[in-house]
Amino acid sequence: MKQVPEIKIKVTDVTERLDEGYLLLTELRKEANAPVIKARLLNQEITAIYGQEAAKIFYDPRNFKREGAMPKLVLKTLFGEDGVQTLDGQDHTQRKTIFMDLMSPTRMEKYHQILDRRLTEKLDQQHGEFTLFDVAKDVLFRSICEWSGINLANYSDEEIEQLTDYQISMISSAITSPTAHVKGVENRKKSEKWAQGLIEDARNHPVAGKEDVALYAFANATDSKGELLSIDTAAVELLNIVRPTVALTVWIALMGHALFSRPDIYQRLKAEFSELQDSFIQEMRRYYPFFPMLPAFTVQDVEVDDYLIPKDSWVVLDIYGTNHDERTIETPDVFRLKRYVGKEKHISYNEEYEMIAQGGGKFNEMHRCAGEWITLHTMRVFSDQLVNKYTFSVPEQDWEIPMNSFPTFPNSKALLFKE
């Protein structure tokens, strides 16, 4: 086996290198002319891998563990402390099962119906210019709360908007300026306090027959020892349903880019919508940048692409790079509407590593996003309404998608006009 090549990054070059954003690891691989590289960034030695075969190795719990791997900056904003993303072994399986039990076909259909109704109501109210980003974040927050058993009837529109913005802040402040990060930490604390109140109320006032509804599922959840989750942990996991769903605002803004900055895609999709809808959605998830990378520690010496990665190495799997890997994906930098025709269900319902926008492997046993099916239903509802149910005109705008921002979406937030 070969030694992993190390890229030396000067202290004076760190800011410039980090500005490469989603393309940083791709550029480092090009410099090393190797599929596995090692570098030191912000006083942390990092080994980076990518590709379908690397993903198979990365998601195998015999090779990698997640405990302690996620940077504190990310835990303090994006994921929260002691959430399912940080667990391994039986603790992870026990917690992940709670999430997956919520994703039954019946509950997914219920989510689809709620979102479809709320999006119709919201789009009916739009007259003149509006951004798809702002419409999506409001609709997604209200929809996921209703689906999760969270009653917003006693909240004002201002309070709902504030709670929604807290979710966006947690997402956008994980990798950002110190000022924005501090704000994100504070907004997570406020969100957790809100969720803790919901959990406590659900425990004090249980409702029979709500076991498959997120609020009550986490209020009654136990750990691998059979003990009730602490209110703090249960609140973090409830937010691990709400926050990632609101995060789909980013993909909806990117959908706006795909449909309205590229009339050819819109026209082809509209002409063959039932045949191409799911392929369009999967190609969107592959093509556009979403989550850049995932970290883990090696639990033994691991071989990836003939390179030896020693035990206890901090390793990141390059998600964006894997989804643009020319070794296994034909013309990866081209948006191909028919790329996944005939493979749509395999991509999101079977164990697989071909396209890992939200992780790979098996849903129950591995660290693959439990919300992938919520994502599919969300994108189905939005694509159907944007293409088939309404007519929009598209004002001139800045469609650029900055690759050095996380999360990223068009600068204009997908500006549309409706009569």
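As a basis for the values below, the full set of heavy atoms in this structure was taken, side chains included, without hydrogen atoms, waters or symmetry mates.
Salt-bridge formation is detected for the pair Arg95/Glu237: a Lys NZ or Arg NE/NH1/NH2 atom is positioned less than 4.0 Å from an Asp or Glu carboxylate oxygen. Checked for salt-bridge contact, Asp124 and Lys389 miss the test: no charged N lies under 4.0 Å from a carboxylate O.
No cation-pi contact links Arg66 to Phe297, judged by a cut-off of 6.0 Å to the six-membered ring centre and 45° from its axis. A cation-pi geometry, defined here as NZ or CZ lying under 6.0 Å from the six-membered ring centre and within 45° of its normal, holds between Arg327 and Tyr50.
Not counting sequence neighbours, Asn151 has no partner by the side-chain hydrogen bond (donor to acceptor under 3.5 Å, both in side chains) test. Remark: Asp201 engages His205 in a side-chain contact (heavy atoms from CB on, under 4.5 Å) (not counting sequence neighbours). With sequence neighbours excluded, no residue forms a salt bridge (charged side-chain N to carboxylate O under 4.0 Å, His left out) with Glu129. Considering only residues two or more places apart in sequence or on other chains, Thr378 meets the side-chain contact (heavy atoms from CB on, under 4.5 Å) condition with Tyr111, Leu115, Leu140, Leu248, Ile252, Ile374, Phe382.
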**Item:** Full working for salt bridge (Lys or Arg N to Asp or Glu O under 4.0 Å) between Glu53 and Lys56
**Value:** CA-CA 5 Å; Glu53 292 305 313; Lys56 291 180 183 178; 3.3 Å; yes
**Message:** Applying side-chain hydrogen bond (donor to acceptor under 3.5 Å, both in side chains) to Gln385 and Thr120, what does each step give before you reach the verdict?
**Reply:** CA-CA 8 Å; Gln385 296 216 15; Thr120 297; 2.9 Å; yes
**Residues Gln358, Arg368; criterion side-chain hydrogen bond (donor to acceptor under 3.5 Å, both in side chains); working and verdict** = CA-CA 6 Å; Gln358 289 171 273; Arg368 183 171 179 177; over 6 Å; no
**Message:** What verdict does the side-chain hydrogen bond (donor to acceptor under 3.5 Å, both in side chains) test give for Gln52 and Asp325, after you've listed the backbone C-alpha separation in whole Å, the side-chain angles of each residue and the deciding distance to 0.1 Å?
**Reply:** CA-CA 8 Å; Gln52 187 172 334; Asp325 184 2; over 6 Å; no
**Request:** Give the intermediate values and the outcome of salt bridge (Lys or Arg N to Asp or Glu O under 4.0 Å) for residues Asp278 and Lys345.
**Result:** CA-CA 9 Å; Asp278 276 1; Lys345 286 186 170 57; 5.1 Å; no
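Lys137 NZ to Arg142 CZ: the interatomic distance, rounded to the nearest 0.5 Å, is 11.5 Å. For the atom pair CG of Leu415 and CD of Glu396, the computed distance is 11.0 Å after rounding to the nearest 0.5 Å. Ile281 CD1 to Arg286 CZ: the interatomic distance, rounded to the nearest 0.5 Å, is 15.0 Å.
Between Ser156 and Glu159 the shortest heavy-atom distance is N-OE1, 2.8 Å. What you find for Ile265 and Ala258 is that their closest heavy atoms are CB-O, 3.6 Å. Closest non-hydrogen pair, Val139 versus Ser143, comes out as O-OG, 2.7 Å. Closest non-hydrogen pair, Ser348 versus Trp373, comes out as O-NE1, 2.7 Å. Between Ser383 and Phe280, the shortest heavy-atom distance links the atoms CB-CE2, 4.2 Å. When all heavy atoms of Gln167 and Met170 are compared, the pair lying nearest together is OE1-CE, 3.1 Å.
Ring centers of Trp251 and Tyr288: at least 6.0 Å apart, outside the cut-off. Ring centroids of Phe99 and Phe218 are separated by less than 6.0 Å, placing the two rings close together.
Under the side-chain hydrogen bond (donor to acceptor under 3.5 Å, both in side chains) criterion, the residue pairs touching residues 208-226 are Asp91-Ser224, with sequence neighbours excluded. Pairs of residues two or more places apart, or lying in two chains, that qualify as side-chain hydrogen bond (donor to acceptor under 3.5 Å, both in side chains) and include a residue from residues 407-419 are Gln397-Ser412, Asp398-Asn411.
Sparse packing is recorded around NZ of Lys338, with 12 or fewer heavy atoms of other residues, nucleotides or ligands lying under 6.0 Å away.
Between the side chain of Arg339 and the main chain of Glu330, a donor-acceptor pair closer than 3.5 Å is present. Put simply, the side chain of Ser230 gets close to the backbone of Thr233: a donor and an acceptor are under 3.5 Å apart. Between the side chain of Trp399 and the backbone N or O of Pro410 there is no donor-acceptor pair closer than 3.5 Å. When atom types are taken as modelled, the side chain of His257 and the backbone of Ala414 share no donor-acceptor pair closer than 3.5 angstrom. Judged by distance alone, with hydrogens and angles left aside, the side-chain atoms of Asn204 form a donor-acceptor pair with the main-chain N or O of Glu200 at under 3.5 Å.
Looking at heavy atoms from C-beta onward, Asn63 lies out of side-chain contact with Phe58 at the 4.5 angstrom threshold.
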